[in-house]
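Protein chains get the first letters and strands the later ones, always in sequence-line order, with residue 1 at the start of each.
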Amino acid sequence: MIQVDVKTQVLLLWVAVGLYAVSSVLYIISLVFRKDKVKVWARVAVVAGLLPHSAAILLRWIAAGHGPYLNRFEVVMSDVWLGVVLFLFIQWRYRKTELLGAVIMPVSFLVLGYGVLSSPEIRTLPGSFQTYWLVVHILFAKLAYSSCLVSAAAAALYLIKGRVERRKARAANLWHALPDLDVLDDLSYRFAGLGFLFIGVMIIAGSIWANQAWGVFWGWDPIETWSLITWFIYGIYLHLYRIHGWKGHKAAWLNLLGLMVLIFVLFGIGYIYTTNHAGYTN
Amino acid sequence: MTALWQLFRSVKLALILIILLTVATLLGVSIPQQELPGDGKFAAWGAAHPNMARWVQTLGITEVFTSWWFGLLVVLLFLNTLVCTIDQVKVLRKRREKVPLTMANPRLSLPVADGKEAVNKAVQYLTENGYRREMATCFAGKDVTVLCRSRLGDWGSIVFHGGLLVILLGVLTSVLVNMKGAVELTEGQTFVDTHENYFQIEESLLYPERHSGFELTLKKVEEEWDESENNYMARGTVEIVQDGEIVRKVEVDRAHPFTYQGMKFVLAKQGYTLVLDFYNDRGQLVRKYHINFDRSVVNGRVKHSKAFSLEDFGLTFDAILFPDLRQLPNGKFINGSTQPKNPGLFLMVSSEKGFMGSQLLLLGGEIKVDGLKVEFAELNRWLGFWVTKDWGVPVMVFGSWLSIAGVAVLYLLVPRRVVVSLERTENGDVLDVSGAARLHPHLFERELTGIKRIIRGESW
């Protein structure tokens, strides 16, 4: 029975990956060829992809008996889901932010595709995981990933739009659909700030959980340490932005560096280090 | 002193320190550290990269997180954050005494017939919308009223940095006042809280060692096996006795540690305890020996093994435990699972003279060596606890929540200030309204439109 469920989950996730890939292509076409209608279809593809994606998460939750956070397959499917939901929310909340999808959706479909390729085996929840601190830790890790992704998408579009505008070639017409540079910069800063907060809460909740489970508050585990490094990077970014007026270009590059480190923390550490988070990185 | 204060109030210094800490942390996580759990990593890495290892050792970056310079960076960051936070409070106080600069560039400028009435109307409108009068003064020939909403938001950054300071204080306390120890208890065994009874114990510089001599007795151990029959969750019942009286009885498992007298007992290890009875040649029991087996996984198989010496007998033993001993048709023995269904013990004995004998024993079985009879008497369970008492933990937790509250205030409560000023000119009175809000200039559209309508007497 569980075998069938796992196969269904994987199938649903591949459908979602396909639809997210379609939406990525459509967003890029809309951005480059200035096709407003295509943008609408891209959003339709995102929503259509979110349906099987949500269904897969629900099936997984029921089959496993715990939230989707125990191994890479589960972590990736839920992280990407939250990222896509946040992207839809931003489209609804802020004007002219649809084309952030040209960055967010390609990252989402690539990360989800990578996650689906990992082992979908269902694991039993260990005793030390049965604490609400873990829920806080995991929830905020996902929120951090989503916020930093949105922030980096705004930063990336800032860089692209800024570059085209500087060259003045086809700029005014081609990139009209994007928000103004100031708005992109502000969006990028605000979501980086949220990401900083969420990473902070994630680290704190994780430490409290570690103290409960292992009697050690902080053990310099690679994931702990790299999370601290990510937090430092976003801290540096925020200080430079707020106090030293590092807006625009330089801030956008630093923001992208922050996302790269965060993606490495979430998905890459298991390839290099042995860590206490082995269950989640493998 | 002033120069030192100026140095530490610099945000540039904070940035430099954070960057240095980031680099140091990167080094610490990239180069295998000697003092971290899993020792031997550095030696293995050094053997693979001898030249690089020599450089790393010369630079002294093999113990980054416990080095004096890493500690110095943290202390400098602490001082820097402290001075910056005090400075921020000063700046905030001064700012409240100054007329905001925004009035130099009014966002709304309306000629009005009765200036005083217009000001009153504007102030009343703003008060009804959650603003509070912060200042009323005369500045550059104008009557100026400053109103503010969400003033608490000004404190967000200060509270956040205050929280960071508390965390760093907690870290310092944790380093100076803590104890870490380990206790191993077999089913039925009692542990008495004295320094020498701990399996391992480490106390920091300022830890006030006071052992109250309480007793912990592991009354029973229950197991919950998973489907593979190789892994189980142990749950122990522990009785705490103080001054001869039972004060508590607790259930403990990996997810549920317990705390007594500020000491936290975390279940970290579990396994089997082998009981060997030693009889002399007259059949008298001369020694009862408990061995806690370590559990390891070799080639995907769970293995329980232990080597130990008994100096009074001059014997060395190599023991492999088979909790579920099964014999294959070809005569080979294997371990069916890790459940104690049919315990078997392979015992190899040697002395200074050399190998003395080996035998596979079932429960109650015996081996004779050098005039001694060794009996596989019992198979019990043991639990291993990490014991910690860390005065810094509650401080760190409090600081963490404080800093989170600070960021939440910073983000959720954006202080908005509106300056209403009245200028009397030869052509009549002019009402100027301007607003200031950190990073959110558009927040004033509603206020400005509202004031315009109220003054003009328009209905909504």
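- Other residues, nucleotides and ligands place more than 12 heavy atoms under 6.0 Å from the OH atom of Tyr207(B).
- Neither the backbone nor the side chain of Phe265(B) has a heavy atom closer than 4.5 Å to any heavy atom of chain A.
- Enclosure of atom CH2 in Trp133(A) by more than 12 non-hydrogen atoms of other residues, nucleotides or ligands within 6.0 angstrom is indicated.
- Within 6.0 Å of the NZ atom in Lys389(B), the count of heavy atoms belonging to other residues, nucleotides or ligands exceeds 12.
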Take Ile208(A) and Met396(B), measure what side-chain contact (heavy atoms from CB on, under 4.5 Å) needs, and give me the verdict at the end. CA-CA 10 Å; Ile208(A) 295 172; Met396(B) 280 189 263; over 6 Å; no
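- Side-chain contact check for Trp226(A) versus Thr25(B): every heavy-atom pair is 4.5 Å or farther apart.
- Heavy-atom contacts from other residues, nucleotides or ligands closer than 6.0 Å to CD of Glu223(B) number more than 12.
- Taking CG of Leu197(A) as the start and CD1 of Ile404(B) as the end, the distance is 7.0 Å to the nearest 0.5 Å.
- Using a 4.5 Å cut-off between heavy atoms, Leu164(B) touches chain A through its side chain atoms alone.
- Within a 6.0 Å radius of CH2 in Trp61(A), no more than 12 heavy atoms belonging to other residues, nucleotides or ligands are found.
- Among Val29(B), Asp390(B), Thr259(B), the residue making the largest number of heavy-atom pairs under 4.5 Å with chain A is Val29(B).
- Most heavy-atom pairs under 4.5 Å with chain B: of the set Leu240(A), Leu194(A), Thr225(A), Ile233(A), this distinction falls to Thr225(A).
- The OG atom of Ser30(B) sits 7.0 Å away from the CD1 atom of Ile229(A) when rounded to the nearest 0.5 Å.
- Both the backbone and the side chain of Lys12(B) come within contact range of chain A, with heavy atoms under 4.5 Å apart.
- In this structure, chain B has a heavy atom under 4.5 Å from the side chain of Ile243(A), while its backbone stays farther away.
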